[in-house]
Amino acid sequence: MTMSVPERKSGSEGKEEESEDESEILEESPCGRWQKRKEQVSQGNVPGVESASLAMDTEEGVEVVWNEVLFSDKKVFKAQEEKIKEMFENLMQVEHPNIVKFHKYWLDMKESQARVIFITEYMSSGSLKQFLKKTKKNHKTMNVKAWKRWCTQILSALSYLHSCDPPIIHGNLTCDTIFIQHNGLIKIGSVWHRLFVNVFPDASVHGKARQHRDEQRNLHFFAPEYGSGEDDYAIDIFSFGICALEMAVLEIQANGDTAVSKEAIVNAGQSLEDPLMREFTQSCLRHEAKLRPTAHDLLFHRVLFEVHSLKLLAAHCLINNQYLLPENCVEEKTKSFDPNAVMAEIKHDDRQGVQLKYSHVSPLELDKFLEDVKNGIYPLMNFASTRPHPVPRALSLSQEQVETVKTPTPEPQETETRKVVQMHCNLESNEEGTKTHLSLFLKMDDKLHRQLSCDILPTDTSKDLASELVHYAFINEEDIEKVAGFLEDAISRHRVRALASGSTQ
């Protein structure tokens with residue numbers, strides 16, 4: 001996302017005025033959590049969006065994007081209100097580490113017009129297009145490892161969307177709608193593009209919903225069959241192929257024309273020195289849609305192989321079960337190892353074997369790798385067959401199909417989405433053994449941790465105690481079972497130890 005830069009006044013006074021002007025609060029959400037500011041941001045050609053402003057999430061203390069879709073005809077808006085609600089409710093269910101998060105929406109009815117306001121994640125580091133331009137300006141070439149990581153993350157997001165039931169087609173994947181963070185994490189935005197085009201007719205929304213298609217500079221990202229009515233996930237694969245090519249060469253030259261020609265795309269592909277990269281991008285850009293590979297198939301391509309599969313699987317297992325391990329366990333464990341000790345050995349009958357020692361592994365590199373895995377930079381996609389993600393049917397239906405669906409729209413409600421990444425439990429019995437004080441510490445992924453404590457009696461069962469504490473912890477449904485199991489196990493083990501030491505409890 002790019003921020004618009006207003007005219008700057010000279011001197012410190014001008015800077016202070018500009019800063020105060022941009023941070024001025026223009027509007028608040030009905031709940032008071034989101035505060036719209038004056039500063040405008042670019043959202044990568046989202047159809048129908050009249051304006052996108054920087055906003056503050058006062059609950060989490062982070063910047064977000066305040067998007068507005070304006071309807072000039074209130075009658076048309078009323079006729080589509082249920083369809084609009086259903087679409088936005090479904091958008092809130094799309095969640096992936098490499099997809100820009102959709103937070104909240106609400107409707108605003110006024111005498112002259114109607115508005116749909118929705119809040120999305122703010123990508124402060126800018127778009128992939130901006131990054132490539134800066135890299136080229138500094139006379140640098142693209143790092144092959146970075147290219148592989150970016151491709152893997154984009155394909156991971158596309159594979160998620162395409163494996164939904166039914167598939168979600170992005171339809172607007174360009175280097176302008178892909179964003180990059182400082183730590184190398186890639187996120188694709190404008191996932192709601194095709195839904196907006198289907199649900200918001202041009203006549204009822206300010207601005208032209210399909211205006212992005214007319215922008216000459218991005219025409220080369222669209223597959224030949226785009227808009228024919230028969231397009232499917234293959235149009236996203238074609239767009240990804242152009243993105244992968246631009247990432248490799250930094251820019252596909254337009255030779256003075258406003259649109260990039262087919263000849264320029266071919267020349268850019270042939271300029272790639274690595275034959276695997278060349279074959280990889282060419283397979284995505286095949287003219288016939290049915291000959292293009294799927295996103296899941298591309299994740300298996302040899303050119304993207306960077307981290308050994310077993311190492312990646314082990315890292316994901318460690319991160320997913322981090323709550324079972326004490327804090328800083330990796331650091332403490334590596335300190336206790338003898339650097340010259342052999343951790344693995346490969347024996348050969350016909351030649352000398354290979355020994356792998358602990359000194360071959362850098363604790364700092366391992367820690368950085370685990371942090372990258374946790375942040376979504378190395379997605380795990382190659383160890384299981386694709387399984388459909390249950391997404392309501394209306395999420396990816398065409399406009400005509402949506403009109404025939406009569407799914408009731410649930411009322412918007414807050415759900416707990418934060419995850420528990422680590423748990424600590426401490427139990428201390430009094431001298432008489434008549435009761436035990438329990439303290440539970442939950443480390444959350446948003447760093448807003450929780451701590452609960454209570455006194456338990458010998459007559460309380462472990463299972464009932466665990467269920468009650470989990471109820472008061474307000475954690476998401478996915479974590480309920482593992483937290484309850486952890487608590488039940490901790491209480492049972494404490495009581496066994498107490499009995500063994502002669503306590504009554």
Side-chain angles (χ1 to χ4, degrees), residues 97-98 142-156 159 183-186 273-280 293 295-387 419-425 443 445 482 485-486 489-490 493 497:
N98 301 116
M142 176 51 61
N143 181 283
V144 176
K145 283 188 176 181
W147 180 86
K148 290 180 180 181
R149 290 173 196 166
W150 293 354
C151 286
T152 303
Q153 292 177 67
I154 297 168
L155 287 171
S156 175
S159 181
N183 63 353
L185 183 67
I186 289 284
E273 295 179 2
D274 187 339
L276 285 176
M277 288 177 69
R278 200 159 52 239
E279 191 275 330
F280 178 80
H296 188 259
D297 289 340
L298 287 168
L299 282 164
F300 285 91
H301 198 284
R302 286 180 298 164
V303 76
L304 297 183
F305 185 86
E306 183 185 359
V307 179
H308 194 284
S309 301
L310 186 57
K311 179 180 177 181
L312 190 58
L313 180 60
H316 276 270
C317 286
L318 183 66
I319 295 300
N320 293 337
N321 296 282
Q322 206 171 21
Y323 66 93
L324 295 172
L325 305 169
E327 201 167 359
N328 302 324
C329 70
V330 176
E331 183 182 350
E332 294 300 323
K333 197 74 175 173
T334 51
K335 283 180 182 178
S336 65
F337 288 142
D338 176 6
N340 296 317
V342 176
M343 60 178 171
E345 186 176 5
I346 303 172
K347 293 183 177 180
H348 299 290
D349 295 332
D350 56 339
R351 61 186 186 278
Q352 187 177 357
V354 178
Q355 288 187 337
L356 302 173
K357 297 183 178 181
Y358 286 106
S359 58
H360 297 162
V361 180
S362 166
L364 287 175
E365 287 182 8
L366 180 60
D367 201 46
K368 174 67 168 63
F369 173 67
L370 288 172
E371 189 66 24
D372 287 344
V373 170
K374 186 178 178 180
N375 290 334
I377 292 173
Y378 294 101
L380 183 67
M381 293 296 296
N382 300 352
F383 291 93
S385 57
T386 53
R387 62 179 185 273
K419 295 185 182 297
V420 177
V421 296
Q422 205 168 60
M423 296 181 286
H424 295 287
C425 182
K443 187 176 181 181
D445 60 355
K482 75 177 183 184
F486 170 78
D489 184 53
R493 280 190 284 111
R497 285 196 300 268

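Note that these values count all heavy atoms, side chains included, but never hydrogens, waters or copies made by symmetry. Starting from 1, each residue takes its place in the sequence as its number.
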Test item: Ser159 side-chain N/O and Leu155 main-chain N/O as donor-acceptor pair under 3.5 Å: no
Count the heavy atoms of every other residue, nucleotide or ligand shown that sit under 6.0 Å from CG of Asp349, and state whether that count exceeds 12. no
Identify the heavy atoms of [X] and [Y] that sit nearest to each other, and give their distance.
{"X": "Arg302", "Y": "Leu276", "value": "NH2-CD2, 3.3 Å"}
{"X": "Leu304", "Y": "Cys151", "value": "CD2-CB, 3.7 Å"}
{"X": "Val303", "Y": "Lys148", "value": "O-CE, 2.9 Å"}
{"X": "Asn98", "Y": "Ile186", "value": "ND2-O, 2.9 Å"}
{"X": "Glu345", "Y": "Gln355", "value": "OE2-NE2, 3.7 Å"}
{"X": "Lys482", "Y": "Met423", "value": "O-CE, 4.0 Å"}

Can you sort out the partners of Ala341 under side chain to side chain contact (heavy atoms under 4.5 Å, CB included), two or more places apart, ordered by chain and number? Asp338, Tyr358
Kindly compute the distance separating CG (Asp274) from CD (Glu279), expressed to the nearest 0.5 Å. 10.5 Å
Say you draw a straight line from CG of Leu313 to CG of Leu318; how long is it, rounded to the nearest 0.5 Å? 11.5 Å
Apply side-chain contact (heavy atoms from CB on, under 4.5 Å) to the pair Lys145 and Arg149, showing each step before the final yes or no. CA-CA 6 Å; Lys145 283 188 176 181; Arg149 290 173 196 166; 4.3 Å; yes
